[in-house]
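Working notes, structure below.
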Amino acid sequence: MTRPESAGYDYDVVISGAGLAGSAAAILLARRGVRVALLERRSDPEAYKVLCTHSLQASAYPVLDELGLIPALEKAGAVRNEARWYTRWGWIEPRAAPEGPALPYAYNIRRSTLDPLIRSHAAKTPGVDLLLGHHVTGLVREAGRTLGVRASTPQGEREIRARLVVGADGKDSAVAKFAGVPARLYENARFGYLAHFRNLPLHGGTGLAWFLEPDMAYAFPNDDGVTVIAVLPDKKRLPAFREDLEGSFFEFVRALPEAPPIDSAERITKITGTVNHPLHSRKPTAPGVALIGDAALTGDPLWGVGCGWALQSAQWLAEAVASAATGRGDLDRSLVMYARRHRRRLRGHQYLAADFAKARPFNPLERLMFSAAARDESVARHMHLFASRLIGPLRFLNPLALAKASAVNIKHRGATEPTAYLSHPGS
């Protein structure tokens with residue numbers, strides 16, 4: 001039965017994009033009584049995103065828990081994402097304190113497993129209509145406000161009216177373009193390639209990341225015994241990769257400290273990647289429009305934040321707008337609340353990532369924290385919280401943390417005074 005306050009609308013919310021962000025938002029909104037049309041341009045319910053770190057940050061665990069996906073992820077073989085990070089000072093190895101709680105975690109899981117799982121979960125949620133093969137071709141606008149979408153469907157063109165249109169359609173968001181929301185771009189001075197391998201043991205069985213200043217690489221174990229290896233070199237190396245992609249990829253990995261034995265492993269996918277992946281951010285709202293996931297903010301793949309932020313932004317949106325989306329509140333005010341939370345939680349992370357995407361060496365504060373983390377387990381745990389996006393830059397670089405890191409380095413053999421340490425790029 002149609003609610004009186006919903007008259008004139010086909011749905012309360014229409015979401016463009018049934019990937020992680022869109023499917024999560026659909027589930028969370030529908031559970032709060034919102035009628036949702038979840039549009040996916042691809043017709044295959046098993047479709048998935050190929051270029052991805054295939055990792056969910058620990059900051060997204062509460063969203064996975066609210067969605068009820070934890071048992072399904074465990075059953076699907078998702079790997080809890082513990083990690084070690086190589087630096088010029090040695091390995092940073094976060095470990096739980098002897099009598100403390102376990103370190104926070106989420107999961108590494110291939111998108112070929114994850115995307116169909118969460119999309120199916122959304123399709124089964126009462127209040128969600130999953131509409132496959134629906135490609136947004138424009139917005140329905142009246143008096144400067146968005147009131148729905150126009151979509152190309154297998155049956156022809158269709159107009160779907162709703163109080164709120166959500167763009168969960170990736171970094172090249174059509175919803176953002178049609179709504180006139182510009183993107184602020186940040187150059188990425190690295191490029192990236194990845195491939196999937198089977199029968200590839202990793203040291204300690206955990207994920208590995210290499211900070212080689214300026215080059216980067218990581219190897220993450222995933223579901224079904226598959227390991228994802230990615231290389232993110234400075235663009236100065238791009239000509240060699242263009243000349244011989246496979247040879248350059250394997251040569252790069254072989255040269256890594258404690259390199260994964262890829263020559264004895266089975267590569268089960270092509271080497272795929274991108275040579276130009278700028279970071280970008282958009283204002284996450286416009287009248288009648290909200291952006292989530294990569295449509296609002298695309299981070300550096302180096303940090304593996306995209307999947308986690310997709311889920312978190314979906315949760316923030318649902319918490320902010322659910323009541324107003326059903327006609328029982330001020331939608332514009334609710335969108336302001338969502339935009340503030342999005343900005344507060346992610347802007348600092350994105351600022352630091354955009355600066356590091358210049359492929360520069362570590363700056364003095366990074367040298368201080370990374371070197372201390374390689375020498376002290378408590379600093380390593382603190383870094384783990386930041387790398388998992390459980391704390392922001394201000395808490396990561398708070399005075400007590402900086403003092404602790406300085407003390408660790410002073411005690412380390414050959415250390416100098418903190419001021420001298422922070423002054424010399426080669427320290």
Checklist entry - If we ignore angles and hydrogens, is there a donor and acceptor under 3.5 Å between the side chains of Arg35 and Tyr11? => result no

Item to check | No-hydrogen, no-angle side-chain donor-acceptor test under 3.5 Å, Glu319 and Tyr338 | outcome: no

Next on the checklist: Between Arg360 and Asp355 (salt bridge meaning N to carboxylate O under 4.0 Å), is one present in this structure?
Outcome noted: yes

Checklist entry - Are a donor atom and an acceptor atom from the side chains of Asp300 and Tyr186 found within less than 3.5 Å of each other? => result no

Next on the checklist: Looking at Glu246 and Lys270, is any side-chain nitrogen of the basic one under 4.0 Å from a carboxylate oxygen of the acidic one?
Outcome noted: no

Checklist entry - Is the shortest side-chain N to carboxylate O distance from Lys49 to Asp294 below 4.0 Å? => result yes

Next on the checklist: Is it the case that the side chains of Arg141 and Thr146 hold a donor-acceptor pair, with the cut-off being a distance below 3.5 Å and no angle test?
Outcome noted: yes

Item to check | Stacked cation flag Arg88 on Phe362, 6.0 angstrom / 45 deg | outcome: no

Checklist entry - Under a 4.0 Å N-O cut-off, is there an ion pair linking Arg237 with Glu251? => result no

Checklist entry - Under 3.5 Å, is there a donor-acceptor pair between the Asp169 and Ser173 side chains? => result yes

Next on the checklist: Testing the 3.5 Å rule here: is there a donor-acceptor pair between the side chains of Arg184 and His280?
Outcome noted: no

Next on the checklist: Quick one: does any side-chain atom of Ser406 pair with a main-chain N or O of Leu402 as donor and acceptor, under 3.5 Å?
Outcome noted: yes

Checklist entry - On the ring face of Trp303, is Arg389 found with NZ or CZ under 6.0 Å from the centre and within 45° of the axis? => result yes

Next on the checklist: Determine whether Arg31 and Glu66 satisfy the following criterion, salt bridge (Lys or Arg N to Asp or Glu O under 4.0 Å), listing intermediate values before the conclusion.
Outcome noted: CA-CA 11 Å; Arg31 288 182 183 172; Glu66 183 180 352; 5.4 Å; no

Checklist entry - Centroid-to-centroid, Tyr61 to Tyr105, below 6.0 Å? => result yes

Next on the checklist: Assess the residue pair Phe250 and Phe252 against the criterion (ring pair (Phe, Tyr, Trp, His ring centres under 6.0 Å)); give the C-alpha distance rounded to whole Å, side-chain angles, the decisive distance to 0.1 Å, and a yes or no.
Outcome noted: CA-CA 5 Å; Phe250 274 73; Phe252 189 102; over 10 Å; no

Next on the checklist: Can you tell me which residue among Phe370, Phe396, Trp85 is in a ring-ring contact (aromatic ring centres under 6.0 Å, His included) with Phe386?
Outcome noted: Phe396

Checklist entry - Are Phe191 and His277 close enough that their ring centers fall under 6.0 Å? => result no

Checklist entry - Is there a donor-acceptor pair closer than 3.5 Å between any side-chain N or O of Glu93 and the backbone N or O of Arg84? => result no

Next on the checklist: Can you see whether Trp309 engages Gln57 through a side-chain donor-acceptor pair at a distance of less than 3.5 angstrom?
Outcome noted: no

Checklist entry - CG/Leu302 to OG1/Thr53 distance, rounded to the nearest 0.5 angstrom? => result 10.5 Å

Next on the checklist: I'd like to know if the side chain of His134 and the backbone of Leu132 have a donor-acceptor N/O pair within less than 3.5 Å.
Outcome noted: yes

